[in-house]
Number of protein chains: 2
Amino acid sequence: MGDKPTLNPRHNKAEVFARLRDAHAREVTEDYVEMIGDLINEEGEARSVALAERFGVTAATVNNTIKRLERDGFVTSRPYRSIFLTEKGETLAKKCRDRHQIVYNFLVSIGVDPDTAEFDAEGIEHHVSEETLRVFESAISS
Amino acid sequence: MGDKPTLNPRHNKAEVFARLRDAHAREVTEDYVEMIGDLINEEGEARSVALAERFGVTAATVNNTIKRLERDGFVTSRPYRSIFLTEKGETLAKKCRDRHQIVYNFLVSIGVDPDTAEFDAEGIEHHVSEETLRVFESAISS
DNA sequence: TTTTAAAGTTAGTCAAGGCTAAATTGATTT
DNA sequence: AAATCAATTTAGCCTTGACTAACTTTAAAA
């Protein structure tokens, strides 16, 4: 009768939740590099004050986060100067931008109101696997 | 010419991110009440050790979280005894269970592999608005 | 009934991601 | 050149959610 199964598979959720916690840890990083990329495109540079305004947090919080991003190799910055994406940050930003767009377009394509889609996409994008993303893509172009 | 607009609307994301942070703060609570409900249904009671195993965290972490849930009125517990949902916890658990099922069914219905759907649903469910959830529902039953 | 194993608790640590208040720097005006 | 103002940084605090290690309680076995 095959191997002893690992109990009821429905009970083996630990891995799912571990991956969920990982996704969590990446969310802020992804939102920041995406936003920094947007700012550079739209305004020519990314300043702390603009990030703080767009995320709705204080300048001190932005400062903390930028330090972490710098430590992790996603951005470079010099005191009192604007923030730049590294190669690594650029790559992640592009990936996030594309993914966001796909999720947003998909939601709109199935009939979700654009404003709601914009909000939901912001939360959903960090939790969509590559596979699901491809299903979304197919659905849009059909 | 109408009111002075609040700059470019695309730049006014602060509210989106504030709501996102709120959703974040609710995620663990939702996962726990949902899991506690499942355990009570499946095994007759919810013990710390089972929660720890299913979430893949230590008993100490479960203990912390249960204290918080108790403080917030979602569960009751007595030392060395099993955990119970309050009315409030029960209500939230049901809402989460239903929502999870809709997201899961929707993903499967558009062609996502059930295992992937199970994983993605766990992350997505916390970020789906009521409106999008209703769109998902309609999509399933058609 | 005593021992032992499993379950639960407590204490202490850490990182992330928020905050406020105060200090500093850079840029603009006078 | 000095004063001022906006932007940035620093310091210190908080909660959440994770951990380990050590301890206590409960339940089961001997």
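Worth knowing before you read on, the calculation uses all heavy atoms, side chains too, and leaves out hydrogens, waters and symmetry mates. No experiment lies behind these values; they were computed from the predicted model shown. Chain letters run A, B, ... following the sequence lines, proteins first, then strands; residues in each count from 1.
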Query - Spacing between B/Asn63 atom CG and D/dT24 atom P, to the nearest angstrom - result: 16 Å

**Report entry** Between C1' of D/dA18 and CD1 of B/Ile66, the distance in whole Å
**Finding:** 15 Å

Query raised in the report: Between D/dA18, D/dT9, C/dT10, which one does the side chain of B/Ala60 approach most closely?
Result: C/dT10

Query raised in the report: Ignoring hydrogens and geometry, is there a side-chain-to-backbone donor-acceptor pair from A/Ser109 to A/Ile140 under 3.5 Å?
Result: no

Requested in this report: Establish, for the pair A/Arg54 and B/Phe17, whether the NZ or CZ atom is under 6.0 angstrom from the six-membered ring centre and no further than 45 degrees off its axis.
Outcome: no

Report task. Show the numbers, then the answer: is there a salt bridge (charged side-chain N to carboxylate O under 4.0 Å, His left out) between B/Glu122 and A/Lys13? Result -> CA-CA 10 Å; B/Glu122 201 62 65; A/Lys13 301 259 204 126; 3.7 Å; yes

Query raised in the report: Atom CG of B/Asn64 and atom P of C/dC14: how far apart are they, to the nearest Å?
Result: 16 Å

Query raised in the report: Going by number, which of residues 77-84 of chain B have a non-hydrogen atom under 4.0 Å from DNA chain C?
Result: B/Pro79, B/Tyr80

Report task. Rounded to the nearest angstrom, tell me the gap between atom CZ in A/Arg26 and atom P in C/dA16. Result -> 14 Å

Query raised in the report: Would you call A/Lys94 and A/Glu90 a salt bridge, using N to O less than 4.0 angstrom?
Result: no

**Report entry** Contact check, side chains of B/Phe74 and B/Leu85, non-hydrogen atoms, under 4.5 Å
**Finding:** no

Query raised in the report: Heavy-atom contacts under 4.0 Å between residues 44-52 of chain A and DNA chain D, which residues?
Result: A/Arg47, A/Ser48, A/Val49

Report summary line: Between CG of B/Leu39 and P of C/dA7 the distance, given in whole Å, is 14 Å

Query - Interatomic distance, A/Lys67 NZ vs D/dA11 C1' [rounded to whole Å] - result: 10 Å

Report task. Provide, to the nearest angstrom, the distance between the CZ atom belonging to A/Phe55 and the P atom belonging to C/dC19. Result -> 12 Å

**Report entry** Derivation and outcome, ring pair (Phe, Tyr, Trp, His ring centres under 6.0 Å), residues A/His24 and A/His126
**Finding:** CA-CA 8 Å; A/His24 238 184; A/His126 304 287; 9.6 Å; no

Pairwise N/O distances under 3.5 Å, protein to nucleotides 13-16 of chain D:
{"residue": "D/dT16", "atom": "OP1", "partner": "B/Arg71", "partner atom": "NH2", "Å": "3.0"}
{"residue": "D/dT16", "atom": "OP2", "partner": "B/Arg71", "partner atom": "NH1", "Å": "3.3"}

Report task. Answer yes when A/Glu30 and A/Arg99 have at least one side-chain N-carboxylate O distance shorter than 4.0 Å, and no when they do not. Result -> yes

Query raised in the report: Going from CD1 on A/Ile66 to CD1 on A/Ile36, what distance comes out if it is rounded to the nearest 0.5 angstrom?
Result: 4.0 Å

Query raised in the report: Which distance, rounded to the nearest 0.5 Å, do you find between the OG of A/Ser129 and the CZ of A/Arg19?
Result: 8.0 Å

**Report entry** Pairwise distance CD(A/Glu131) to CG(B/Asp115) - rounded to 0.5 angstrom
**Finding:** 9.0 Å

Report task. Give the ring-plane orientation class for B/Phe136 versus B/Phe106, where under 30° counts as parallel, over 60° as perpendicular and anything between as tilted. Result -> parallel

Query raised in the report: Nearest of C/dT20, D/dT20, D/dA18 to any side-chain atom of B/Thr61?
Result: D/dA18

